[in-house]
Amino acid sequence: RAKSRGRNSIHYFTENMSTDFLKRMEIMRDLRTAVEQKQFYMVYQPIVNLSTQRISKAEALIRWQHPHKGMISPLEFIHVAEEIGLIVELSEWIFNEVSQQVNSWRKRFCPELTISINTSPVQYKNNGAQINAWADSLLLRGIPCEAISLEITEHLLMENQLEAVEALDKVRLHGMSVAIDDFGTGYSSFAYLKDFDFDFLKIDQRFVQNMSADNKDTALCEAIIVMASKLKMSVIAEGIETEQQKQLLIKAGCTFGQGYLFAKPLSVADFEALLVEQNSTLIVSESIKGKN
Ligand code: C2E
Ligand code: MG
Ligand code: MG
Ligand code: MG
């Protein structure tokens, strides 16, 4: 019986592999058209200051609305775009979208708003030509570089460390901030912290989501927060879904949080509504203060 189950599971495995393979091939084929036809849009997930509840940051996340297949997750297509070299062109579109959006929101609702963009390893090739062009483009349009933050994962640093570090050093000089994303999930996180000055450290959601009183995940989060503060980085905890996780993170001294407890990634209109609401409650609380 074990034998036949074994055979079935092999059969199942190869079948799975070939559907995965076909799926990838389709994504590869459709992605080129998608980039040409701009089948993408950006959503914005608020990043909240845990002690004041204020939103002054957000992460921009891409969405692909396929004309026949519906929504395709970035987890399925970003790495394909990286492999076939489309990511540079796609990221150019992302940067243009996000920079216009943050500029408009800064002017109308929130002057200190910073929006972060996820970046891929290839964007740091050629001495970070693309990233440097972004800094120039912001300066040219009178958008402060502080309006944009770049998120990078440890994978990026693994692939081309020296080039990446030099490119990031340059953009930081212009005032763009840099965040290490999904911290704790790569191979040698600590070595990267030694070689580069990040402004923000984002604790990966797999630690945050398993936090409960006195468990290992909570201990790890606490340790990461202490370490980050010694290295002068601000911490953003990703994937906060419960009030308990939030309270444990506040107790551990975490400054910022992101997750479904506060908001899912939002459309432009919904994010804007949130900024409007935040401003009106601010005016109310200030006028109350004024009366006292
Ligand atoms: P990431 O940069 O770590 O982004 C956070 C992911 O966690 C997002 O998934 C977000 O929707 C999800 N998330 C946020 N809060 C919660 C929560 O409370 N619970 C749970 N379960 N999930 C939460 P998303 O949008 O599917 O993006 C997945 C990944 O795809 C991103 O991970 C990032 O690596 C990549 N990605 C997304 N947009 C872009 C982009 O514009 N450019 C590049 N290069 N990569 C992108
Ligand atoms: Mg990210
Ligand atoms: Mg992340
Ligand atoms: Mg991630």
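Atoms within each ligand, like the ligands themselves, are counted from 1 in listed order.
- Using a 4.0 Å cut-off between heavy atoms, Ile240 contacts ligand 1 through its backbone alone, with no side-chain atom that close.
- Residue nearest to atom 41 (O) of ligand 1, selected from Ile87, Ile94, Thr242, Val43: Ile94 (by heavy-atom distance).
- Within ligand 1, counting atoms from 1 as listed, the ones closer than 4.0 Å to a heavy atom of Gly259 are 15 (N), 18 (O).
- Asp182 lies close to the Mg ion (ligand 3), since one of its N, O or S atoms is found at a distance under 2.8 Å.
- Contact annotation: for Asp181 versus ligand 1, heavy atoms closer than 4.0 Å belong to the side chain alone.
- Ser91 places no side-chain N or O within 3.5 Å of a backbone atom of Ile94 that could act as its donor or acceptor partner.
- Of the heavy atoms in Glu59, only side-chain atoms (C-beta onward) come closer than 4.0 Å to ligand 1.
- Taking the Mg ion (ligand 2) as reference, the nearest N/O/S atom within Glu151 carries the name OE1.
- Aromatic rings of Tyr44 and Trp105 (six-membered ring for Trp) have centroids within the 6.0 Å cut-off, being under it.
- Atom CD of Glu76 sits in a crowded spot, with more than 12 heavy atoms from other residues, nucleotides or ligands closer than 6.0 Å.
- For atom 15 (N) of ligand 1, the nearest non-hydrogen atom from the set Met42, Glu238, Gln45 comes from Gln45.
- Ion pairing between Lys69 and Glu26 holds under the 4.0 Å rule for side-chain N and carboxylate O.
- With the Mg ion (ligand 3) at the apex, Glu238 OE2 and Asp181 OD1 define an angle of roughly 90° (rounded to 10 degrees).
- Between Phe77 and Trp64, the angle of the ring planes goes over 60°, which puts this pair in the perpendicular group of the 30/60° scheme.
- Of all the heavy atoms of Arg63, the ones lying under 4.0 Å from any atom of ligand 1 belong exclusively to the side chain.
- Here the side chains of Ile225 and Ile203 are in contact, with some heavy-atom distance below 4.5 Å.
- Scanning Leu261, Leu75, Val122, Asn118 for the heavy atom closest to atom 2 (O) of ligand 1 points to Asn118.
- Between Phe198 and Phe196, the ring centre distance stays below 6.0 Å.
- Salt-bridge annotation for Lys251 and Glu222: absent, with no side-chain N of the basic residue lying under 4.0 Å from a carboxylate O of the acidic one.
- Panel note: side chain Gln245, backbone Gln209; a donor-acceptor pair is recorded below 3.5 Å.
- The parts of Leu61 lying near ligand 1 are both backbone and side chain, judged by heavy-atom distances below 4.0 Å.
- In the vicinity of Ser120, heavy-atom distances shorter than 4.0 Å reach the ligand 1 atoms 44 (N).
- With salt bridges taken as basic N to acidic carboxylate O contacts below 4.0 Å, none links Arg106 and Glu112.
- Geometrically, ligand 1 and Gln258 share no nitrogen or oxygen pair separated by less than 3.5 Å.
- When the N, O or S atoms of Glu59 are ranked by distance to the Mg ion (ligand 2), OE2 comes first.
- When Glu241, Glu76, Lys264 are checked for heavy-atom proximity to atom 20 (C) of ligand 1, Glu241 turns out nearest.
- Taking 2.8 Å as the criterion, Thr153 does not count as a coordinating residue of the Mg ion (ligand 2), since none of its N, O or S atoms falls below it.
- In summary, the atoms of ligand 1 found under 4.0 Å from a heavy atom of Gly239, numbered by their order in the structure, are 16 (C), 17 (C), 18 (O).
- For Lys202, the heavy-atom gap to ligand 1 stays at 4.0 angstrom or more.
- Other members of the cluster containing Phe256 are Ile47, Phe200, Ile236, with ILVMFWY side chains joined at under 4.5 Å, either directly or via other members.
- Using a 4.0 Å cut-off between charged side-chain N and carboxylate O, Arg206 and Asp217 make no salt bridge.
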